[in-house]
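As structure tokens, the structure follows; a few thoughts come after it.
Since the structure is predicted, the reported quantities are computational estimates derived from the model, not experimental observations. Side-chain atoms are counted along with the backbone in the values below, which use heavy atoms only and exclude waters and symmetry mates. Chain identifiers are assigned alphabetically (A, B, ...) following the order of the sequence lines, protein sequences preceding nucleic acid strands; residue numbering begins at 1 within each chain.
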Amino acid sequence: MDPSSIPALPRGVRLHFDKIRDTWVLLAPERAVTLDAIGHAVLSEVDGRRSFAEITASLAEKYSAPQAQIADDSEGFLTALRNRRFLDVSP
Amino acid sequence: MTVPPIAMLAELTYRCPLSCPYCSNPIEMAQQDQELETATWADVFRQAADLGVLQLHLSGGEPASRRDLTELVHAARTAGLYTNLITSGIGLSQKRLAELDEAGLDHIQLSLQGTDAGMADMIGGYRGGFDRKMKVAGWIAEIGFPLTLNAVLHRKNLHQLPRAIEMAVEMGARRIEVATVQFHGWALQNRDALMPTKEQAKEATRIVAEARVALKGKLVIDYVPADYHSDYPKRCMGGWGTTGLNVAPDGLVLPCHAAQSIPHLEFESVRYRRLRDIWYDSAAFNAYRGTDWMADPCKSCERKTVDFGGCRCQAMALLGDANATDPVCVKSPHHGRLQDQAAAHASAEAELVYRSAPAKAP
């Protein structure tokens, strides 16, 4: 994912806290994706305004981890969501 | 250990303007006056959310035939459920779609009987249905609802698959379900008319594989292959009583929409018992849960938790024994006979038997 790309959750895709299973899930058309702590942290930063670089910088600060490592860890996850049409990325 | 269900299919009504010959509704349909009332459905939605259901599929029949559809969507969203409408589009106006948007409807799955009016209206048994559906698809796009196109395919329309995929892209759908007819309910009576040939099934698999590559990131393609021509059975319902449940129009709770075709099972109603108790404790839900019920070849099979022996209703319909290995499986002693049967159906000719309407109140 390009550092300047802006990820956004499209209409019909939303974060939801599953009280019964005590976990965050991503609800999407006819699918529910269970999120681990990293997945939830990344998607919580996705607001449709900030770029991938800004998001990883914010996470790096929050979790005192190298930004490059965070970018590495989250890129595969976000690309997989994008391929399933659970994430829009512009441009 | 029994885990909570993720999805619930709410069959709001068996009424439908279409009469597709592969309808998954039972041959014997409940009467219209036995449909659950708005408030009962709303309570069932709350119970479902409390039980762990995340995804609610509002289906039928045609769910738009319920006058209270908007209220039901609102109740489902208030309960915290992701709400999906499974519709032919008939009965939805621009105004009604705007109301559903307001009520919080999350997603629409629009069925496709054919890629032109001639095919679609012949299969649906409803003249003008295709043109109306195209109008509805336009309104759905205008509002911006996420859309899945559900193309139901069989021998008569499998050649239209490439066009169906194009239409999904044109409509702005994010996803298409390429669903080869499963032979339950009404479809079971129409096997001579609808069974795809083995060549058609292969061709569909090839088209889907190519389109998945060409449309990666643009259109997601879910594919239900022609199972009589497969070597391993489908993982029906993700495993009996593991993932989903189905509430029929009259409130009976079923492990799958065809479960009433298994005559020795008794089903309980949300009118008399809590959904949670039915899910965890009822005999019908426990009948084929896990692997204890299995006999060989399933019992000693390394795939037994992959496909759970396939479809119980299919074993019942084809072998008269709901405990048997689904005969689609190469390990079933009946597999060879099923393949011969599939070839015979595929080369037969027959008139379509259309679904008939549910009985009116007396």
Side-chain angles (χ1 to χ4, degrees), chain A residues 1-37 39-44 46-49 51-52 55 71-72 74-91, chain B residues 3-9 47-59 77 79-86 101 104-110 140-141 143-150 168-169 172-177 212-213 215-222 238 243-244 276 279:
Chain A
M1 188 170 307
D2 200 85
S4 63
S5 293
I6 298 170
L9 292 178
R11 177 170 172 168
V13 181
R14 52 190 157 89
L15 287 168
H16 173 81
F17 185 71
D18 180 346
K19 285 180 296 198
I20 307 301
R21 296 171 190 82
D22 194 26
T23 182
W24 282 93
V25 293
L26 187 66
L27 293 181
E30 304 186 46
R31 293 288 184 276
V33 183
T34 303
L35 299 173
D36 59 15
H40 177 244
V42 174
L43 288 180
S44 301
V46 168
D47 59 8
R49 294 196 310 275
S51 68
F52 183 53
I55 288 169
D72 258 13
S74 50
E75 186 170 10
F77 170 65
L78 292 179
T79 304
L81 292 181
R82 181 187 194 173
N83 287 338
R84 296 173 74 181
R85 297 289 327 259
F86 297 169
L87 189 76
D88 284 347
V89 179
S90 60
Chain B
V3 297
I6 289 168
M8 183 165 92
L9 183 78
Q47 290 186 45
D50 289 344
L51 179 55
V53 168
L54 297 171
Q55 293 272 345
L56 176 68
H57 307 296
L58 298 174
S59 177
R77 280 304 308 268
L81 298 169
Y82 190 98
T83 307
N84 171 32
L85 181 68
I86 299 178
D101 183 24
L105 181 64
D106 285 297
H107 172 250
I108 295 180
Q109 186 190 117
L110 187 67
I140 289 170
I143 292 174
F145 283 118
L147 174 68
T148 292
L149 191 63
N150 182 5
V169 173
R174 294 181 202 167
R175 186 165 149 256
I176 183 171
E177 257 184 55
R212 275 182 177 154
V213 174
L215 297 170
K216 190 175 175 188
K218 186 167 190 183
L219 184 72
V220 176
I221 306 180
D222 285 338
T243 311
R276 169 182 299 277
W279 174 258

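In this structure a side-chain-to-backbone donor-acceptor pair under 3.5 Å is present from B:D106 to B:T83. Using a distance-only test at 3.5 Å, with no hydrogens or angles considered, a donor-acceptor pair links the side chain of B:Y82 to the main chain of A:G12. Between the side chain of B:R276 and the main chain of B:D50, a donor-acceptor pair closer than 3.5 Å is present. Although no hydrogens or angles enter the test, the distance criterion places a donor-acceptor pair under 3.5 Å between the side chain of A:R21 and the main chain of B:G52.
Only the backbone of B:L81 comes within less than 4.5 Å of a heavy atom of chain A; no side-chain atom from C-beta onward does. For B:N84, the part lying near chain A is the side chain, with the backbone staying farther off; criterion is any non-hydrogen pair under 4.5 Å. There is no contact between B:A7 and chain A, counting heavy-atom distances below 4.5 Å. B:L105 touches chain A through its backbone: at least one of N, CA, C or O sits under 4.5 Å from a heavy atom, while the side chain does not. Neither the backbone nor the side chain of B:L147 comes within less than 4.5 Å of any heavy atom in chain A.
Looking only at heavy-atom pairs under 4.5 Å with chain A, the residue among B:V220, B:D222, B:L219, B:L54 that has the most is B:L54. Between chain A and the options B:Q109, B:R175, B:H57, B:K216, heavy-atom pairs under 4.5 Å are most frequent for B:R175.
With sequence neighbours excluded, no residue forms a ring-ring contact (aromatic ring centres under 6.0 Å, His included) with A:H16. Taking the side-chain contact (heavy atoms from CB on, under 4.5 Å) definition, one finds that A:R11 meets it with B:D101, B:I143, B:F145, B:P146, B:R174, sequence neighbours left out.
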Handout entry: CA sep, side-chain torsions, deciding dist, call: B:T148, B:H107, side chain to side chain donor-acceptor pair (under 3.5 Å)
Key = CA-CA 8 Å; B:T148 292; B:H107 172 250; 2.9 Å; yes
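Interface residues of residues 24-33 of chain A toward chain B, defined by a heavy-atom distance below 4.5 Å and sorted by number: A:V25, A:L27, A:A28, A:P29, A:E30, A:R31, A:A32.
Sorted by first and then second residue, the side-chain hydrogen bond (donor to acceptor under 3.5 Å, both in side chains) pairs with a member in residues 80-91 of chain A form an empty list; sequence neighbours excluded.
Scanning both residues, A:L87 and A:P7, for their nearest heavy atoms gives CD2-CB, 4.1 Å.
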